[in-house]
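Model, not experiment: these values are computed from the prediction. One-based numbering, in listed order, for ligands and for the atoms of each.
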Amino acid sequence: MDSLENRTDRLEAIKRSIIDNEVCSELAKSATRLVFGDGDLDSQIVFIGEAPGRNEDLTGLPFVGAAGKFLEEMLGKIGLRRNQVYITNIVKYRPPHNRDPLPQEKKAFLPYLQQQLEVIQPRLVVTLGRHSASCFLPDIRISAEHGKPKRLTLAFSGERLSIVLLPLFHPAAALYNGSMRQTLIDDFIQIPDIIRALNRDKLAANQQLTL
Ligand code: URA
């Protein structure tokens, strides 16, 4: 794998290209800034949310508001801090009034998300909410598929990346809904087991993984 310095430069170039290519220029105009991603580039785990909200738009960092606090709380339950994983969103500008990202906005940003993944090379991609899950599995029904890890091969321009995708409910949706909140926590705390299985390279034999 590339050196950390190289990967930092490559990510900076991807960020730059979003601006230079004027991706979703209407969103860019109404947002304060681009929210690209944050965290450990050596992490085996990448979390992908939907789009920045108000706090993210102000700070330039993903998941720093109420949903972010809940995400950090869940990370704590599995012994991780946010700076030990990488966190990003499919859409990198805040949609006006926090509306849902539009299909064309997700489509426009997807190549850049793929490039981010190509640089970081995670083994586990955790999608938060249906918008980011549907970038990988267009027909996914999150209510049926949450918490069920799936092996996927992502085909990039030059290479293929085998990952496990874990679709989860969005922390903002689960925050104030008692039963969804508990379901999200139950799904989330599987992460260490999935990582252990991946590292032992026993995936093929792992019954928990739906292929
Ligand atoms: N919700 C998201 O999907 N992403 C963020 O960065 C913050 C809240």
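Without hydrogens or angle criteria, Thr127 side chain to Ile48 main chain gives no donor-acceptor distance under 3.5 Å.
Less than 4.0 angstrom separates some heavy atom of Gly49 from each of these atoms of ligand 1: 3 (O). The atoms of ligand 1 that sit less than 4.0 Å from any heavy atom of Pro62 are 6 (O). Near His170, meaning under 4.0 Å from any of its heavy atoms, are these atoms of ligand 1: 1 (N), 2 (C), 3 (O).
For atom 4 (N) of ligand 1, the closest heavy atom belonging to the protein is Asn89 OD1, 2.7 Å. What sits closest to atom 8 (C) of ligand 1 on the protein, heavy atoms only, is Phe63 CE2, 3.9 Å.
Ion pairing between a basic and an acidic side chain is recognised when a charged N comes within 4.0 Å of a carboxylate O; Arg54 and Asp57 show no such pairing. Here Glu72 does not pair with Lys69 in a salt bridge; the nearest charged N to carboxylate O distance is not below 4.0 Å.
In Ala51, the part holding a heavy atom less than 4.0 Å from any atom of ligand 1 is the backbone. Of the heavy atoms in Glu56, only side-chain atoms (C-beta onward) come closer than 4.0 Å to ligand 1.
Two rings, from Phe188 and Phe70, have their centers 6.0 Å or more apart.
Nearest heavy atom pair, residue Leu113 against residue Lys92, reads CD1-NZ, 4.1 Å.
Under the side chain to side chain contact (heavy atoms under 4.5 Å, CB included) rule, Leu75 has a single partner from Arg81, Gln84, Arg82, which is Arg82.
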